[in-house]
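For reference, the structure discussed in these notes is given below.
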Amino acid sequence: MARSLFLAIAALGLLAALGTVLARNLVRAALHLVAFFFCVACLFVMLEAEFLAAVQVLIYIGAVAILLMFGIMLTRNAATAEADLSGGWRVPGVIAGLCVFAALAFGINNAVSPSGSGAWSAIVARPALEPAEGVAWKAERSRAIDDMPRVVGEQFMTRYALAFELAGLLLTAALVGAVALAREEPAPGDSEPATAVEAEAAVGTTP
Amino acid sequence: MANDIPLNWFLYFSAAAFAIGLTGVLLRRNAIAVLMAIEIMLNAANVNLVAFWRYGTPAAGAGPMPGVILALLVVTVAAAEVAVGIGLVLLCYRRWRAVDVDRYDTLSG
Amino acid sequence: MDVGTALIAQSHRVDLSPTTAIVWALWLLVGFAGIFPGIVAYMVWLERKVAARFQDRIGPNRVGPFGLLQPIADAIKLIVKESIVPRPADGLVHLLAPVIVLASAFLTLAVVPFAVGLVPIDPPSGLVYLIAVSSLSPLGIFLAGWSSRNKYSLIGAMRAVAQLVSYEIPQVLATIPVVLWAGSLSLVSIFDHQAKFGWNAFTPPGLLAFAIFLIAGVAEVNRTPFDIPEAESEIIAGYHTEYSGMRFGLFFLAEYLGVFAISCVATVLFLGGGMPLPFSSFPVNLIDGSVGSYILADAILLAVFLAKVLLFIFAMFWVRATLPRMRIDRLMNFAWKYLVPLCVLNILFAAAWFEVVVRPGRIEAGRWAVGMIGVGLLTAAGVQLVFWANRKLAAAAPIDADWPAVGAARGG
Amino acid sequence: MPPNVVPLDLRDFLCIAPALVLAFWGLVVIAADLGRFRRLDPDARRVACGRATLVGVGLALASAVFLAWVDALAQSDAPRLVALFGDSLGGYFARTDGLIFFGTLARGLAVDVLNVLFLVLLAMVVWMSTSYGFTDDLGEYFALMLWATVGMMLLAAAEELATLFIALETTTICLYLATAFERSRRRSAEAGLKYFVYGSVSSALFLYGLSLVYGLAGSTYFDAIGRVLRGGDAGLAGNLAGASALLLLLVGFGFKVSAVPFQQWVPDVYEGAPAPVAAWIATGSKVASFVAMLKVFVHALGPWSHPSGSVMGPGWLGVVAVVAAVTMTYGNLAALAQKDLKRMLAYSSIAHAGYMLVGVAAASVSTEGPASAGAVVYYLIVYALANVGAFAVAAWLARDKGTEAIADLDGLAGRSPSLAVCIVVLMLSLIGVPPFAGFFGKLYVFMEALRQGPSDTRIVLTWLVALGLFNSVVSAFYYVRVLKAMYLREPSGRPIEPARPALALPIAAAAVLVTVLGVVPGPLVDLSRSVAVPMLTAGRLDVPAAVDVPAPAPPAEKPSGVAWHPETPTD
């Protein structure tokens, strides 16, 4: 049951990824990308990380895909959002991709994890999480799965506090910089903190 | 659970998605399409991270969920990257009226 | 575990056991295919009646007594009408767009606890799930506008997406106080918290958050005064201009379902779900484990829940019948300059409330009074501050500087 | 909060005070620009913004110096620290484990020294930015420069992969944006987009490699990864996943430090970016990336450098050696053909990356152990100082001529003789001519490469050193072209205006520093060695004290008050 479900989702996801890469129409490509994101979210659910799946849908589909669509709309004529694949690079690109996949797949098949858990190909079932004597991580992980939002919060407030703060700074910097760049030539004395969305809205009203 | 999904399957999926994304980066000349291919690669890495978190044995003192935390940070970074990327693409589009990376020709390289 | 208990038990984990499958199938059949569309149909009837009364008319009165069969007639009409797809349209995307919008509205309802045990699924990250699925609808709207190959559709879609994305931020920020107090993202936990501490709307930061949530919610479902994406007098019907027949019907369904869903969520988050009294856990404490007590409590909860939802829906109809449409720049200003700062401040006030009232673990009269007065004054001051600052800013800018088109037209 | 969650030690934030000050000051600069400076005329506004930024950099520098003093005191006289700051704070500062934020970040003298370096360089770059107007969004520009520096500081201090990744992204995203800030020119936007595309692809590759490393080691801490790899007897033999991870990480870092074959973006971006931004990409970002690379490769992946004992067997040593050889040769040969000063500096910075990669390779085989990475640190410091000065010259040209052709320097010696001398010093240091610091940098790196036990790695590294020496000779040709233009040619068109203090000072300061560090290299060499040891051993408890260096004692006692107990496995 779980296996066939996985196979179905994975197949769909890979098809969607291929569609993203190959579709000539950019909006179609973005649509395929959304499907891919959704499949990845489903895989997260299968990996018992529902919180991450929700975040994936929220950020990737709700924000990233929309932003990409806006980008496509603002740089192309809507009806003809066609893009060519580059001619000369087609064959080498595909060969490179196949080689990368072959190397990675071969590596995954033969990988021996030095951490003591043995070969990756030998792991056919996820570790059981019943608390065992002297194995603290099982209890930790089972709590993380059952109450993921809370544990994520705890981690961000303790162990990864710095990474969390830095992520905030990163977003601020990206926002500030992107707004400064994407803004039309600023009028003197213009001190209004226009957001990207606001700018788009303004574009939308005065066609 | 004998009927569980093997770890390898997730890894194969992610490797395939990564390779597809990389191919896309090489194939596409449109900046926004390249951006999409990059997103595929980041997502592939995320699947890896979460699968390793769920299936692997953590090293001592690694914390309960380094993989998931890293994946969340990657999601954040991806959002920021897309915002920045779209901003830059718009900027270039205003200058050249084109989004294809090949068409930008000021720099001699 | 028999099916009856499984229905009552609130699952915390997504699993694929047969019991859950049965529960989900039941929910899908009964709730999503049967009850919710029915509710929507009669919401439309109600809206027409209410609007008619506001305009001193009678409203639908031909089909059935009081026009009660009107929705059914409308539905039949929509289903049998020809579905016209413009020739240059992108066929697949054109079909997919209303489906995505509708799915978004339906999926939102999957985590709403209507009564004890009456919740399809209660994931620990329920609120994030809620926000995530509701963020799907801009995508559908955008695709609808894009695939139609129509100028007005595209403009409407751009407007809609800009508006939805902007108002999503205050909407999400407004739920943070609730999450903070309940200490959980699960909607059931939030319900439980309110059974213990009183309705969230009856706290000063909660009231502010409630108001912001409602305003943003109205904007999220594109209803007057925020119906710029489908402003008939400007851009025909916005993103669904080129839709007809049942495809249009799906958008229609999605819009009213959205209204219903937002009312349900607001009820659960701020008005204590189905609890009839603010500071008592009245029907929940009737439950003693027997099936009869469950049925009794759930009946009360469900009835009160629906009454509250009806209240919200009526308020939205009232607003629609009364207020004119907002200008788009004002709309954006309102989201970014008023609601977002207010929400951010409100989180601080909510933290103060948490420290004063919630921290001890149960409600105490003295602390509650202190919190009401102290945090209440604080919240009022915060609202004043935001409005004062905005007035200052607006006074510093020349008239209509926020709308360059007007200034340019006047100058030229 | 459940009892098993150890709360964050808020005192940890004191240790990243410079970064906090910069992060906060970015907002201050934006607010000040929006509120006050925007009403001034462009020149006054630029200077005001720059000065406001410099105040913040000064504050951060003060806090960094203070922290350096405290950490130096902790090593020499810990009881006095307790007497000065009280039990709680003093005891905290006197701790010797060198890790904060649950082991995700390093602390101590090594970090402080790098922070001071970043801040000094940043001050020069910021001052340079006020010399000519290339953007209207000044508040945003300066804020992005400050925030990029925050990323660099934390990147250089990161001890864990998640922190490393996000710090790396913060740095590069700020720099992508800053690159495109020159609104008046198309090439700036183009450079920004190119930098962005190459950079994000490389970080995606890097991330995938990182995920494989996490899967193999089960941890994201450098030290834990190193321990796991050392414990696993299989090594890299047959472990293609490990090899792919290594290669992907190498690609990621290769992009950041501009190693061949991942260098395509470098000339374009350096040419297109405004000169101060290019300076910051060439120095700050490179320093931080190299430090992070040293940590990841020598500390975490050290056991994989040459597991079979041979340089050409599986392991990163051989790859890095080849990359280093190709990088320095390519950079130098390509630089010969350049007429544009910034492009020339770009290729020369590729060449310098090659020399430093020799140092990275050496750090994993030298008999000196971690202290040998001191050579790279020394080289980085010297390289960064000289390059900031050189880019200030480019800014000077850009201000007056709008282009950065080397020919525009014609006859400079006659017009501003003292600055010409300074530029001579910088160029000579970049070539590696004896009395200047660049010479000692190269000498030190090459010596470390030669200092190793008898093995077959020796012969390869010896060849590498020989190639490096040959390359230094090649590099003389194009650096000397600058000198030739200044001294031997007459100005053909309008000669360039004399530099104002904003340009003269960075050039002069860089020249003076390079000279002083060249004449008296001892203290900085010692400092770099003592910096390198804790940098590459943080959290490692089994490393004996380095022998001939007055290095800080490696962490000897268990970290107190930290949830992370490296030597007590929980399972």
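None of the values given here were measured: they were computed from a predicted structure.
Of the atoms belonging to A/Ala63, not a single heavy atom falls under 4.5 Å from chain B. For chain B, no part of A/Ala180 is nearby; none of its heavy atoms comes within less than 4.5 Å. For B/Phe13, the parts lying under 4.5 angstrom from a heavy atom of chain A are both the backbone and the side chain. Proximity to chain B involves both the backbone and the side chain of A/Leu18, based on heavy atoms less than 4.5 angstrom apart. For B/Leu35, the part lying under 4.5 angstrom from a heavy atom of chain A is the side chain only. Only the side chain of A/Leu7 comes within less than 4.5 Å of a heavy atom in chain B; its backbone stays farther off.
Annotation for A/Leu22 and B/Leu27: closest pair CD2-CD1, 4.2 Å, computed over non-hydrogen atoms. Across all non-hydrogen atoms, the minimal contact from A/Met46 to B/Ile5 is CE-CD1, 3.8 Å. Here the closest non-hydrogen pair linking B/Ala15 and A/Leu104 is CB-CB, 3.8 Å. Contact detail for B/Ala80 and A/Ala174: the closest heavy-atom pair is CB-CB, 3.8 Å. Smallest separation of non-hydrogen atoms from B/Val74 and A/Tyr60: O-OH, 4.4 Å. The two atoms that bring B/Ile69 and A/Val152 nearest to each other are CD1-O, 4.3 Å, heavy atoms only.
In this structure, CE on B/Met36 lies 5.5 Å from CG on A/Leu26, to the nearest 0.5 angstrom. Taken from CG in A/Leu43 to CZ in B/Phe10, the straight-line distance is 6.0 Å, to the nearest 0.5 Å. To the nearest 0.5 Å, the span separating CE on A/Met69 from CD1 on B/Ile32 amounts to 11.0 Å. If you take CG on A/Leu68 and CD1 on B/Ile86, they are separated by 5.0 Å, rounding to the nearest 0.5 Å. Here B/Leu73 contributes atom CG and A/Leu166 contributes atom CG; the two are 9.0 Å apart, rounded to the nearest 0.5 Å. Distance check, rounded to the nearest 0.5 Å: CD of B/Glu39 to OG1 of A/Thr20 gives 11.0 Å.
Using a distance-only test at 3.5 Å, with no hydrogens or angles considered, a donor-acceptor pair links the side chain of B/Arg28 to the main chain of A/Val21. With hydrogens and angles ignored, the 3.5 Å screen pairs no side-chain donor or acceptor of B/Arg54 with any backbone N or O of A/Phe44. Not one N or O on the side chain of A/Arg3 forms a donor-acceptor pair closer than 3.5 Å with the backbone of B/Pro6.
For the pair A/Gln155 and B/Pro64, the minimum side-chain heavy-atom distance is below 4.5 Å. In this structure the side chain of A/Leu52 reaches within 4.5 angstrom of the side chain of B/Leu72, judged on heavy atoms. Between A/Pro92 and B/Leu26 there is no side-chain heavy-atom pair separated by less than 4.5 Å. At a threshold of 4.5 Å between non-hydrogen side-chain atoms, the residues A/Trp137 and B/Thr57 count as touching. Residues A/Arg159 and B/Pro66 fail the side-chain proximity criterion, which asks for heavy atoms closer than 4.5 Å. Taking 4.5 Å as the limit, every side-chain heavy atom of B/Leu90 sits out of range of all side-chain heavy atoms of A/Phe70.
Among A/Ala10, A/Ala144, A/Ala102, the residue with the largest count of heavy-atom pairs under 4.5 Å with chain B is A/Ala10. Of all the listed residues (B/Val47, B/Leu22, B/Val25), the one sharing the greatest number of non-hydrogen pairs under 4.5 Å with chain A is B/Val47. The candidate with the highest count of non-hydrogen atom pairs below 4.5 Å against chain B, out of A/Gly13, A/Ala17, A/Ala178, A/Ala29, is A/Ala17. Counting heavy-atom pairs closer than 4.5 Å to chain A, the top-ranked of the candidates B/Gly87, B/Ala51, B/Ala71 is B/Ala51. Heavy-atom pairs under 4.5 Å with chain A were tallied for B/Val84, B/Ile40, B/Thr76; the largest tally goes to B/Ile40. The residue among A/Leu98, A/Ile95, A/Val94, A/Asn109 with the most heavy atom pairs within less than 4.5 Å of chain B is A/Asn109. Put simply, of B/Ala16, B/Ala78, B/Gly85, B/Gly21, the one with the most heavy-atom pairs under 4.5 Å next to chain A is B/Ala16.
By the 6.0 Å contact criterion, CZ on A/Phe38 is open, its count of non-hydrogen atoms from other residues, nucleotides or ligands being 12 or less.
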Show, in sequence, the C-alpha distance, side-chain angles and deciding distance for B/Met65 and A/Met148, and conclude whether the side chain to side chain contact (heavy atoms under 4.5 Å, CB included) test is met. CA-CA 9 Å; B/Met65 45 176 11; A/Met148 188 172 278; 3.8 Å; yes
Using side chain to side chain contact (heavy atoms under 4.5 Å, CB included), reason through B/Tyr93 and A/Leu74 one step at a time and then give a plain yes or no. CA-CA 9 Å; B/Tyr93 180 73; A/Leu74 291 173; over 6 Å; no
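A ring-centre distance under 6.0 Å is not found for A/Phe101 and B/Tyr12.
When only modelled atom types and interatomic distance are considered, B/Asn43 and A/Gln56 share a side-chain donor-acceptor pair under 3.5 Å.
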